[in-house]
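Okay, structure first, notes after.
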Amino acid sequence: MSVPALMLPAAIYLLVMFVYPFAYGVVLSLQAKDGGLSLANYLAFLLDPWQARTIWVTASIAVPNTVLTVLLALVVAYRMRRGMWMERTITTALVLPIALGTVLVAEGINGFYGPKGWLNQALLAVGITDPPRLTHNYTGVMIALLVQHFPFCFLMLLGYVSGIDPALEAAARVLGAGPWAIFRRVMWPLIAPGVAIAFALVFVMNFGVFPSAVLVGQPAGATRTIAIAAYQQAFEHSDMAMASAIAVVMGACQLVGLGVILVIRRRMAATGVATMGAGKR
Amino acid sequence: MISALSFRLTKRFGTRTVLDEFALDVHGGEFVTFLGPSGCGKSTALNLLAGLLPATSGEIRLDGSPIDHLPPERRGFGMVFQNYALFPHLTVFDNVAFGLALRRRPRTEIAQRVRRMLELVQLAEYEARYPGQLSGGQQQRVAIARALAVEPRVLLLDEPLSNLDAKLRLEMRSELKRLHADLRLTSIYVTHDQAEALSLSDRVVVLRDGRVMQVGVPAEIHDRPRTRFVADFMGYRNFFPVTVDRSDGDLVLARGKDLMVTGRPVTPLAPGAAAVAAVRPEDIELTAELAGPNVVRGTVRLTEYLGREHDVEVVVDSGTTVMARVAQPVGVGAAVGLRLPPERVVVLPSEDSP
């Protein structure tokens, strides 16, 4: 069979499961109440401060959380690059949240960090009478997203970091480089392209945050993300056209984020930093 | 600066002893090779010297002062790796400049020194390339320039030629020889290749299972191996079990099921002692006589044409197989006599102890 023929099933799948629904959504978002095509839905969303605010709310969760997740994953992966004691156990524990699913993780966070959770009870028991509120607000969503996206980001970066030839590090050390110089002059330039990709993926996942924002956040206020806005239009107001418009705006925001990250990555490549790396690109 | 290095090292991984009290004094400017099969501890020893691995016990002294407590980045050594270990994101120039930049030398001094090093390894016109754009031999030359640029007190080389093809390996070997002749850097070279060890070294240390089997100048290791292991490693491929008959000055007479043989003992051997007579294929001569002292008789089973010579596998009447390298062609199935010149036969104690 020829290559195009082999690609056919995948192409059909993409067409049916992605291209068609996506195009359908875009067309739907352009449908005005009277039936014609217009940008009315977009204008209605963007000009309503209560609605447009969701873009800012989502970004204020997604961007800091992405930075935090990638940074933490990078630090842990870098520390574990040459293997460590109980590595398998630690990796399993770190990766477990992927297998549990969003809702279970959110439940766990409520059970542990919630007002009557173990953490607060422990704090009360040691005499702290006014413990900080960690769920059903911004902090709750940040914790939930970190727990969900850290494993994925960690595994990806661990692959990058441990794929770098250990002899490079040895060579740098013998030439006089301390731990920081090794990171800055040898390891970081080689890991940076991978970090950019991890950053892009975590950002996109974070920007679409929905279940966590509802379950451990404050869906009517501080964590009313753009996905919640779309959901409410679709299923509370039964306004599919408006909901589609919101979804398209969300997609556009994610694309802008991706674009920025890829431009930065390209610029690193242009200076030679990312021309050759850990084998993966 | 040329420094003398002395060390005594033991390394264990768990219960496994990888190096057992490996001790040596390396003189300033000396080229010493650690030779042995994989797993003999030679690379471990080099990594201990560089400080990349912690020793279980022992000490390392550079010009008399202990350096064990220093991390690798403060030992001032140069190291060349088997897989080159060049920084792929840096140009040839920046690779060579790496150690100097860390030492915060002035920019002009760095440029001057880098260019001189690149000229030394004949890569002056490649300074703007990236390692990925160079051949294996060129990459290894960059790695050597990078190690030399920091004016190391000791140069450590970890099988630097084993990733190169045969022709390039010979060229680079000559290049290393020339560099050492020019710079007289105290050098420690790790290899499993006896030819490299013989051609480059002032002294060779043969290692096996973390123990020193023999230390000596190349000719000594080559001509007077003290154990069967070293002999095997140095290209003696024929071993005849014998019993010592009598000692006769510098020679012993021994008797085995295959032959009566006179040879040079490496250690004093008493009459009646079990021994092994060893001889290299290239030292064996074809002879018209089919019997006599130091002669075995057999039938040619296999010949391999090597260009200048032929490798011949001969089955001796007693069933032992003998390898010989001869100048003239012989036919498979021919009955031949093989003479083992007494001065080329070494008689070794049969237990393999140092």
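Note that the coordinates shown come from a computational prediction; the quantities given were computed from them, not determined experimentally. Residue numbers start from 1 in every chain, and the chains themselves are labelled A, B, ... in the order their sequence lines are given, proteins ahead of strands.
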For [X], is it the side chain, the backbone, both, or neither that has a heavy atom closer than 4.5 Å to a heavy atom of chain A?
X        : result
B:Phe87  : both
B:Leu86  : backbone
B:Arg103 : side chain

Taking all atoms of both residues into account, what is the closest heavy-atom pair of [X] and [Y], and its distance?
X        : Y        : result
A:Leu190 : B:Pro88  : CD2-CG, 3.7 Å
A:Arg185 : B:His89  : O-NE2, 2.7 Å
B:Glu73  : A:Ala177 : CB-O, 3.6 Å
B:Leu102 : A:Ala181 : CD2-CB, 3.8 Å

Can you tell me if [atom1] on [X] sees more than 12 non-hydrogen neighbours from other groups inside 6.0 Å?
X        : atom1 : result
B:Phe13  : CZ    : yes
B:Arg184 : CZ    : yes
B:Arg178 : CZ    : yes
B:Glu59  : CD    : yes

note = Okay, A:Ala170 and chain B: the region with an atom under 4.5 Å from a heavy atom over there is both

Output the option from [options] having the highest count of non-hydrogen pairs under 4.5 Å with chain A.
options                    : result
B:Asn83, B:Val80, B:Asn47  : B:Asn83
B:Arg146, B:Gln82, B:Met79 : B:Arg146
B:Ala85, B:Gly78, B:Ala143 : B:Ala85

ask   = Most heavy-atom pairs under 4.5 angstrom with chain B, which of A:Gly178, A:Pro166, A:Ala172?
value =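 Sorted descending by pairs with chain B, the first entry is A:Ala172.
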
